[in-house]
There are 2 protein chains.
Amino acid sequence: MPKPVARDQRPTIQDVAALAGLSPSTVSRVLSGARPVGPDIAERVRQAADALSFRPNTVARSLRTQQTSTVGLVIPDIINPFFPLLVQAVERATREHDLSVLLVDCGNEPERETSALDLLLDRRVDAIFISPCHSTASAPALRSASRRARIVQIDRVADDQLPFAIVDQGHGIQLLLEHLTATGRQHIAFIGSDPSASTSSLRADAFERFSVAQNPRQSPRVMTGDFSGASSASITRSLLEQWPDTEAIVCANDVIAAGALLVARERRLEGLPGFAVTGFDNTMVAETGDLTSVQQPLSELANRAVDLFLGVAATEPPPLLPTLVVRGSTGPR
Amino acid sequence: MPKPVARDQRPTIQDVAALAGLSPSTVSRVLSGARPVGPDIAERVRQAADALSFRPNTVARSLRTQQTSTVGLVIPDIINPFFPLLVQAVERATREHDLSVLLVDCGNEPERETSALDLLLDRRVDAIFISPCHSTASAPALRSASRRARIVQIDRVADDQLPFAIVDQGHGIQLLLEHLTATGRQHIAFIGSDPSASTSSLRADAFERFSVAQNPRQSPRVMTGDFSGASSASITRSLLEQWPDTEAIVCANDVIAAGALLVARERRLEGLPGFAVTGFDNTMVAETGDLTSVQQPLSELANRAVDLFLGVAATEPPPLLPTLVVRGSTGPR
DNA sequence: CTGAAAGCGCTAACAC
DNA sequence: GTGTTAGCGCTTTCAG
């Protein structure tokens, strides 16, 4: 257990007050700028404060003010390369409001997600930003946590009665399909990922919708894999066996796309010129793998989550729109 | 500013005590298991506690005990795909000791790193785990923070007088070179990354050392790029121009390797059979890019950091050894 | 504009 | 084994 490592005692606001010959309240007011204070007095306080190199104890402050200036961020899996991007965006957005981030990765397990919520509530975070790992299993815990702290769903949603900040997944798929047909691909297939993530199922739904709309005579070519790169390769192989005339594969995320691209590359040797593969999320994997992908507006997403928390944005505005990033994986050959 | 959203009042330990007809201290003792308590009494407390669905306020507890059960984790850049792996490992290791993680990403800027340390100290974290973004610029802030809290450097080090948990970078390079020569590559080049990260310079140094040892007549072929994928492609091109008979490129990380591999793939069309590229860190990028890479033992690394913090490991044990992960990028053609 | 005093919710001495 | 009391370090009424 974290034993209390004996460090040098740190000065308190009382010490500063004593040194400056003033009362603790005055010192507090100067340091937090809560109320007007005589300029000369303010100066004396500041002198004393940094003579002692005083730093306020935020734990005590939190107890008194009932605010921790902390948001909990619960994510499904930091290894999924989308989430580092989200974490970064949330970190930036919250930093601007002097909020810190307490991060919990639930490893895609709803039970751990539930205990993460409890943990964060016990720590009295001001808000919890959560990307629910499961579209149904996550809902009850969310609902109950929402009675104790402000909950904002970010990116994924499990309970549409609770606040959320999201990106229009369908629009992303639409951009991809338009790009692919504009570059001459007719027979387009889709490899989905675990549909228990709300974003995954929205992407799959959108594919079916737009696919039917663009090409009514062809029934949607859809397969579903799990998140690992290895599985996506084998799924790609069976997909190409089942529909050998496929000219493009839209994948539910960049990792799956990378696996598909590996297979496509093998096959190109056997004659599949102009074959295209697309990813989703525009992660580092898309960058390094030269994958066409869809970029979500993450700063805006994070800002919106913060606004929702602050009560600046009262109702849910329409979802944010993602953009297309074209790279070599959909280039002509 | 985070305004105090009015939520329902949460019960305190006093409420539980009142309901159970006992004193607050007794309740506290039962809930924290600090001291022996009559079994019947304990039961009464538990009943009352979950009748009110009481949850202890950890902020108050922290103020009283002077421990926050929190570690700060400061990383250079979460977009660098190595760091999500590190964050995950630290999260796991700390969770086992009921510690939470306050994450700060300093975006490779030493000044932000410094303010991150202040922030975490103000929050009275029990320890700070840090992967210093700069091998020299990070040192002073680290040193001064170490007077106020336990600092443990993890993965990278800026001040070798302060505790650190590290992996033997040189051994990783050695494994790669042995593998490459064993598979018949003679002329091997290296593309390094920003040497201000301690790990980067250690990898570069090791390359030069082992390269000279293995092939004394050939002077080391070394170039240095920055972290972006785009730059690594152009560096690879100039490298291949300068040393056209190069058969393998060892890269300081997976991202650079992915860029190099793209170029190698173009060139293969122009006749470079059996060309090999290797990465480092075995990130998602290596997985998706079919890159041979070096895997660092991250769980052990994180555990060691925790042990160092707890004082279980007093002195620095020898660095941990990484392992080789062979994939297609070094396969025969 | 400044000071005195109370109290956030918990735990740790100290009594009994 | 249990209760009483004080206090962690800060902010905030309330007086002046």
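Only a predicted model underlies this, so the values are computations on that prediction, with no experimental measurement involved. Naming: A, B, ... by sequence-line order, numbering from 1 per chain. Every heavy atom of this structure was used, including side-chain atoms; hydrogens, water molecules and symmetry mates were not.
Here the side chains of Arg156(A) and Ser135(A) are not in contact, with every heavy-atom distance at 4.5 Å or above. You'll find the side chain of Pro56(B) reaches within 4.5 Å of the side chain of Arg61(B), heavy atoms only.
For Pro36(A), the side-chain atoms get nearest to dC1(C) when compared with the rest of dC10(C), dT11(C), dC1(C). Taking only side-chain atoms of Thr26(A), from C-beta outward, the nucleotide of dC10(D), dT2(C), dT11(C) with the closest atom is dT2(C). In the set dC10(C), dA12(C), dA4(C), the nucleotide with an atom closest to the side chain of Thr65(B) is dA12(C).
Residue-to-nucleotide proximity on DNA chain D shows that, of Gly38(B) and Ala60(B), the 5′-proximal contact is made by Gly38(B). Nearest-nucleotide assignment on DNA chain C puts the 5′-proximal partner with Thr58(B), out of Thr58(B) and Arg35(B).
Contact annotation: Thr12(B) side-chain N/O to dG9(C) OP1/OP2 distance is not under 4.0 Å. Remark: Ser28(B) is not in phosphate contact with dC10(C), judged by side-chain N or O atoms under 4.0 Å from OP1 or OP2.
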Exercise for review: Would you sort out whether Leu162(A) and Leu142(A) count as a side-chain contact (heavy atoms from CB on, under 4.5 Å), showing the intermediate values?
Suggested key: CA-CA 8 Å; Leu162(A) 262 25; Leu142(A) 269 193; 4.1 Å; yes
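Between the side chains of Gln296(A) and Asp281(A), at least one donor-acceptor pair of N or O atoms lies under 3.5 Å.
Between the CG atom of Leu22(A) and the C1' atom of dA4(C) there is a distance of 14 Å, given to the nearest Å. In this structure, Asn57(B) places its CG atom 13 Å from C1' of dC8(D), rounding to the nearest Å. In this structure, CG of Leu63(A) is placed 12 Å from P of dC10(D), rounded to the nearest angstrom. Across the protein-nucleic acid pair, Gln66(A) atom CD and dC10(C) atom P stand 10 Å apart, rounded to whole Å. Taking atom CZ of residue Arg64(B) and atom C1' of nucleotide dC8(D), one finds them 6 Å apart after rounding to whole Å. Rounded to whole Å, atom P of dC8(D) lies 17 Å from atom CD of Gln67(B). Going from atom CZ of Arg29(B) over to atom C1' of dT11(C) covers 9 Å, rounded to whole Å. We find that CD of Glu43(A) is positioned 14 Å from P of dT2(C), with the value rounded to whole Å.
Across all strands shown, Ser25(A) has heavy atoms under 4.0 Å from base atoms, whether or not it also approaches the sugar-phosphate.
Among all heavy-atom pairs drawn from Arg150(B) and Leu308(B), the shortest one is NE-O, 3.4 Å.
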